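Please read the structure below before turning to the comments.
For clarity, every value in this text was computed on a predicted model and none was experimentally measured.
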Amino acid sequence: MKSLILNCMAIIALTGSAAAQDVMAIYDARLDPHDLVNSSGQPLGSVCAAVQQDRANYHRFKKRGQVDDPDPIFADKTMRARIAGSCAIMPGHEHLRKAVFSGIGYGIIVRVQVLNDAGTLKVLVSERAG
């Protein structure tokens, strides 16, 4: 009985925290070679930096791949700048860094979830399935 009550409490706690996170956008993007260097041509070192550059390429420079989806948030330069400090790789997708930067996985497609977590921007990156 205690186990059932504890499980129910855990589910309620998880549901409450999920409800506090509002989904602002979900989009897919292919991280191509031009997304792996900054606007000055310097190599980037993280998947989150590549996601930020992808959005700059999409919105500012109009370098859009066929798989790159639009998003309603990162057309604004200040919002793009917030990606670096609010971005994380989703658990279970830690392999993305190696896949993106090894050259083996040319054009890895990522799914980006943009959340409003109780007033704080949260950007979660995972590999798109399929």
Side-chain angles (χ1 to χ4, degrees):
M1 184 67 162
K2 271 187 177 180
S3 174
L4 177 63
I5 292 170
L6 289 175
N7 285 338
C8 289
M9 288 174 62
I11 291 170
I12 290 168
L14 288 173
T15 304
S17 65
Q21 295 182 356
D22 296 323
V23 176
M24 298 169 65
I26 297 175
Y27 67 89
D28 293 338
R30 183 186 308 269
L31 298 181
D32 291 316
H34 64 264
D35 298 320
L36 306 183
V37 295
N38 68 17
S39 301
S40 301
Q42 297 300 311
L44 299 172
S46 75
V47 172
C48 290
V51 167
Q52 185 174 0
Q53 186 62 46
D54 171 78
R55 292 296 91 184
N57 287 335
Y58 185 92
H59 291 290
R60 181 176 178 202
F61 302 113
K62 308 297 186 216
K63 293 181 186 176
R64 299 174 178 169
Q66 290 181 324
V67 180
D68 290 347
D69 290 337
D71 70 85
I73 298 159
F74 298 123
D76 180 72
K77 179 180 175 180
T78 57
M79 289 303 290
R80 281 196 307 274
R82 293 178 61 189
I83 292 173
S86 61
C87 181
I89 304 298
M90 292 200 51
H93 294 266
E94 294 82 6
H95 65 280
L96 270 177
R97 186 183 189 309
K98 184 176 182 183
V100 168
F101 290 100
S102 69
I104 296 169
Y106 168 78
I108 294 288
I109 301 172
V110 294
R111 169 135 312 148
V112 180
Q113 297 178 49
V114 185
L115 307 172
N116 175 351
D117 186 11
T120 302
L121 183 72
K122 187 184 251 183
V123 178
L124 300 175
V125 183
S126 61
E127 186 170 12
R128 185 185 80 179

Check your understanding: Can you list the residues that meet the side-chain hydrogen bond (donor to acceptor under 3.5 Å, both in side chains) rule with Lys63, with sequence neighbours excluded?
Key -> none

Review point. Residues two or more places apart in sequence or in another chain: which of them pass side-chain contact (heavy atoms from CB on, under 4.5 Å) with Cys48?
Key: Ser46, Cys87

Point to revise | Residue list, side-chain hydrogen bond (donor to acceptor under 3.5 Å, both in side chains) with Gln52, at least two apart or on another chain | key: none

Point to revise | Flag side-chain contact, heavy atom, 4.5 Å: Lys98 against His95 | key: no

Exercise for review: Sorted by first residue and then second, give each ring-ring contact (aromatic ring centres under 6.0 Å, His included) pair with at least one member in residues 60-82; sequence neighbours left out.
Suggested key: none

**Study point:** Exam field: side chain Arg128 to backbone Tyr27, donor-acceptor pair closer than 3.5 Å
**Key:** no

Practice item. Using the test side-chain contact (heavy atoms from CB on, under 4.5 Å), find all partners of Ala25 that sit at least two apart in sequence or belong to another chain. Key: Pro72, Ile73, Val114

**Study point:** With sequence neighbours excluded, residues passing side-chain contact (heavy atoms from CB on, under 4.5 Å) with Ser126
**Key:** Met90, His93, Arg111

Check your understanding: Counting only N and O atoms by type, is there a donor-acceptor contact under 3.5 Å from the side chain of Asp28 to the main-chain atoms of Asp69?
Key -> no

Practice item. Using the salt bridge (charged side-chain N to carboxylate O under 4.0 Å, His left out) rule, collect all pairs that involve residues 29-58, keeping only residues at least two apart or in two chains. Key: Arg55-Asp71

Study note, to complete from the structure: Across all chains, not counting sequence neighbours, the side-chain contact (heavy atoms from CB on, under 4.5 Å) partners of Arg82 are Met79, Leu121

Study note, to complete from the structure: Across all chains, not counting sequence neighbours, the side-chain hydrogen bond (donor to acceptor under 3.5 Å, both in side chains) partners of Ser39 are none

Point to revise | Approximate separation, where rounding is to 0.5 Å, of Leu36 CG and Gln53 CD | key: 9.5 Å

Exercise for review: Could you list the residues that satisfy side-chain hydrogen bond (donor to acceptor under 3.5 Å, both in side chains) with His34, not counting sequence neighbours?
Suggested key: none

**Study point:** Co-members of the apolar cluster containing Val37 [side chain, <4.5 Å]
**Key:** none

Review point. For Ile109, which fellow cluster members are found when Ile, Leu, Val, Met, Phe, Trp and Tyr are connected by side-chain heavy-atom distances below 4.5 angstrom, either directly or through intermediates?
Key: Val67

